[in-house]
Structures are given as structure tokens and as C-alpha cells.
Amino acid sequence: MPAVLSTLLAAPQGDGLRRVEHLVFLVVFFAAVRWLRRKGLKGALKSVLTAVVNRATKLPGVAGVVEKELQKEVAKLETQILGDGDAQANLVLPKQGMGKDDVIAMQRGLLEQSAEARSSGRKWGGVYYVNKDLSKCHAETWAMHSSTNCLFPGTFPSLRKYEAEVVAMVLSLVHGHEHGAVGLLASGGTESILLATLGYRNAAREKGITDPEVLCAVTAHPAISKACHYFGIRQTKLPVDPKTFTLRPETVRAAMNPNVVMVYASAPTFTHGVVDPIEELGQLALEKGVGLHVDNCLGGFLLSFLQRAGHFKRGFTFAVPGVTTMSIDVHKYGFASKGASVVAFRDPEMRQATYVPSCDGCEGLYVTPTIQGSRNGANVAVAWSTLMMMGEEGYQEVAGRLHRAGEKVKEIIADIPSLALLTQPDAAIVPLHSTDPALNIYQVAWQMEKKGWNLFTGQNPPCMSMCLGEQTTDRLLDVWGSDLKDSLQHIREHPEDKEIGGTAGVYGAASTTPPQIMDQLMRRYVDMTLRVKPMTTQAP
Ligand SMILES: *Cc1c(COP(=O)(O)O)cnc(C)c1O
């Protein structure tokens, strides 16, 4: 019995009220100790500060100011995104349906407004391939399957074959077959991560854990936050090594507690392109009897083929003992159209426990493999055609090209004073930061944005990253390098120009705005993007 407990229980007999007070104190005291243990001193201080700021923003005087600032920021974003409004806005159905050619012509026109930016390669849109044959194949496969539904495998038996085979082929990349792993075809990395997390939530219930917890790094993709939010799981974000930007096994060990059901690691992370130490984390997970999810969404395909070429040497797949689930996007470096990702489970029972069979409703028997109900078979067929068209050799060749592109980015940066790699990346991403205290990297990003680039920016610490894709050709990188030099020269020659606009500006502002207010701003931002804004015609 802890000393505190015995002294308190030894309170004078007969003093009933005091005893109750003592007991209440005890309960609160131990709850506080548990909370402090879980959060650590820094985390606890942060929580207290958050609570204070939350309260402060609700004070009558402050609330008004915050509200005004929020409205101003949303208005700024609205001007950027919605402009003066849409002259052809549709708020209701057209009275009479349009002809097919007119619809297509309209869409072609709308897409072409942004075609130049995309085809120049300067604007990144999260599409990793530019292969024309592949795009043509996607279009033909889609046309053939546009009115199919995976919900009816009896009607469309080929879709069942494609789905099972896509999962199998992806499993083969991550040593799934040798270790008896199974998988599901999800709509994207986020759904894959949701399904894996659901698996751990179910396993927690089996073990009688009522307050399950996931440990992840601050570098983890926000999809794990969504998963924890949806499934009522506590998410603890751990700091990373300040040099390598990877999760340290000691940090994870220190955060371990009986509620932990899963450790979440990335291979690689989205912002920095670094792979967490999966082998060490696997050992730790085995020792503690918890699961280890490897988020291979971004690196799926690419990292596997970089490894085959000897450019990446550490383990990150089911070959590593302790890895229990993985998410591997087919729609990133797998080059499929958006809508395909595989979630893989080492334990087939864990996969089975994620299904939700319905057998007592009026509909009769209903069960689907994932979160979705009806699914377009076109997506599945396109993923299958892509894997068949690319083959091992195709992906191997792409991995070689992307590796060389990454090396070239590093060479360009080595030649530019005041910019450097933030850390040594493993795959897909090259993260840059400013080594000159007087140079704000967001300012560089803004100058690049003005030249038509949309390099993505990260925060804590500020960085600007380049994501590699087939569009990252030698020629494009030459232009990038010279635009970067011009941007830096402009900043040097115009110290009075402190402007940081665009996305870079938002990131700059975010670093000095309390997270509670950013949270509000982001919610309103989504509302705003979902608005139809007709152009207001001026009265004559
Ligand atoms: C893209 C990505 C995800 C989420 O995948 P979506 O397909 O966008 O839902 C998760 N983790 C990492 C590291 C990613 O890059």
C-alpha cells in the first residue's frame, strides 16, 4: 500500500465527513498521478495551457476579437479560393438536362483553366505518374467498368478476381505471403488506416481494455488522428529525434502503459520522407505485447523497389517480427487512379473481426469487406490494370529514376548557401530548411509560389519539401534550381519585402496562432470550400 494511502486511511475513526473528504482526495490524487504519468510533465503543462487559452478565448471581450480575426482570415481565404464567385454556379438542377457533348465541353473548359500549371510540372497535385499509356489504359478500363458494382460479385465475377489479386500482388511486395498475412482493398490510405485501427480497437475489447491508446510520433499522418477520433481511442503523439525526425524506441518505451494497443510508425513520413526504426519498434512491440502498424501509404511500392535496388537497407515489412498491420497505397507510387490502397493484417482473425455482418435485418444477409457499401468496380479494375501494365520491371525502373531525381535535388541544394536538407530522407520526399537565422523558409516558399510552384511546407520546425514523382524530371529540376536561386536573390536584394502570402503565409501565421484558434479557422475553411458562390451581378 503506498504510504499516502495508509496515512490517509488512518484518519481518526468516527470523523465520517473527514474520511469521505480523504477518500475523495485520494481518488482525485491518484487520477492526477495517472494523468501526469501518461502525459509527462511537458504534456501536462501543455494541457493546462490549452485549457487556459480555451477559457480565455471564451471571455466576453476576447471572444469578440477572436471572432473578428477569424472572420477576416476566412474572408481572405474566400477571396483566394472563390474569388468574385462563379458565373456558372449551379444551386439547383438544370431545368432541362444538357446534352452529353455540352457537359463534356464544359468540363473540358473547366479542367483546362488549370492545365498549364499542371503540365508545367511546377504544380504538385498528389499525382505521381505522367505516363500517357497508363492514363489511356485507366480511361479505357474506367469506361468499360463505369456501371459496375462490387456489391454484386455474382453479377460481376471479374471484379472479385481483380480485388483479390490486387491485394495478393501488393502483399507479395511486403513479404505478406511468407508470413500468412491477408489484406483488404480500401479506397485510400485513410480508409486502410481506419480499418487497421478498428482491428486494434476490437482486440483491445477482447483484452478488456476500455480506454485503448495509440502511440505515434508527431510526424504521423493525420489519418491516424481521424481513426482515433472515430473509434474513441486515445492518441498520444510523441516527439521525434531532432536530427533524424524519426520515432525513438526509448521514447515509445517510456510512454508504454497497459492501455496501449498499437504503436504507429511510418515508412516513410509524409513531411520528411524518413522511415521510423521499424525493426527496433517491432522488438519493443513484441516485448510489450502490443501491435505495430507500419504506415507505408506514401512509400508503398517505392520503398519496396528502392530496397530491391539496394537504396534502402532497413526492414519495414512483415519480414520484421512484431509488425502486425501495414497500409500500402496503390494510388500513390503504385500509379493507380485515386481510390485504391491495401490494408494488410498479419493475423487473418484480426481482419475478420473488422467485418460487420448483418443477418437479422429486413434486408436479409449483408456483409462487405470494408467501410464502404456499394463500390464502383472501375476503381478496382483500374488498380488491377495498373499493376498488370507496370509489372515488377516497370516499378523497378521508376524507383531508379525517382532515386536519381532525389539525388539531383540534394546536389542542387548542396550548391545553395543558406538552404540545407532538414534531415537525410529515405524515400519520396526531400525536406529543406533555412540555415540562416535571417532567412525565413516560408518566405522562400512564397517567392517560389509566385513563380508558379506549390512546394509543400511543414511546421515545427518550419520546412519546405519537394515530393518526387515522374514529373520531377532533370529538366524540371534545372528550372526549379534556378527559380530557387532567383527567389533567394530577390529576398537578399529586397530586405523590405517581408510579404509571405499563399499557403506559405498560412503556415507562417499558423506557427504564431494558438492551436485552438487554428482549429476554428480550419473548420470554417472546410465550410467555405463547400460553398457554391454565384457571381453577384452588379446593378446597372
Ligand atoms: C497519403 C498518406 C496517407 C493517407 O492516404 P490517403 O490515400 O490520402 O487517404 C497516410 N500516410 C501517409 C504517410 C501518406 O503519405
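Note that the structure is predicted; figures quoted are calculated from it, not measured. Hydrogens, waters and symmetry mates play no part in the numbers below; they use all other heavy atoms, side chains included. Each ligand, and each atom within it, is numbered from 1 in the order the structure gives.
Judged as a side chain to side chain donor-acceptor pair (under 3.5 Å), and not counting sequence neighbours, the contacts of S385 are T141.
A centroid separation of less than 6.0 Å is found between the aromatic rings of Y264 and H293.
Residues lining ligand 1 at a heavy-atom distance below 4.0 Å are given as G188, G189, T190, I193, H221, P268, F270, D295, C297, L298, D329, H331, K332, ordered by chain and residue number.
Between the side chains of T236 and E213, at least one donor-acceptor pair of N or O atoms lies under 3.5 Å. Defined by atom type and a distance below 3.5 Å, a donor-acceptor pair is present between the side-chain atoms of Y200 and T325. Residues S327 and S192 bring no donor and acceptor atom of their side chains to less than 3.5 Å of each other.
The aromatic rings of F335 and Y333 are tilted relative to each other, their planes meeting at an angle between 30° and 60°.
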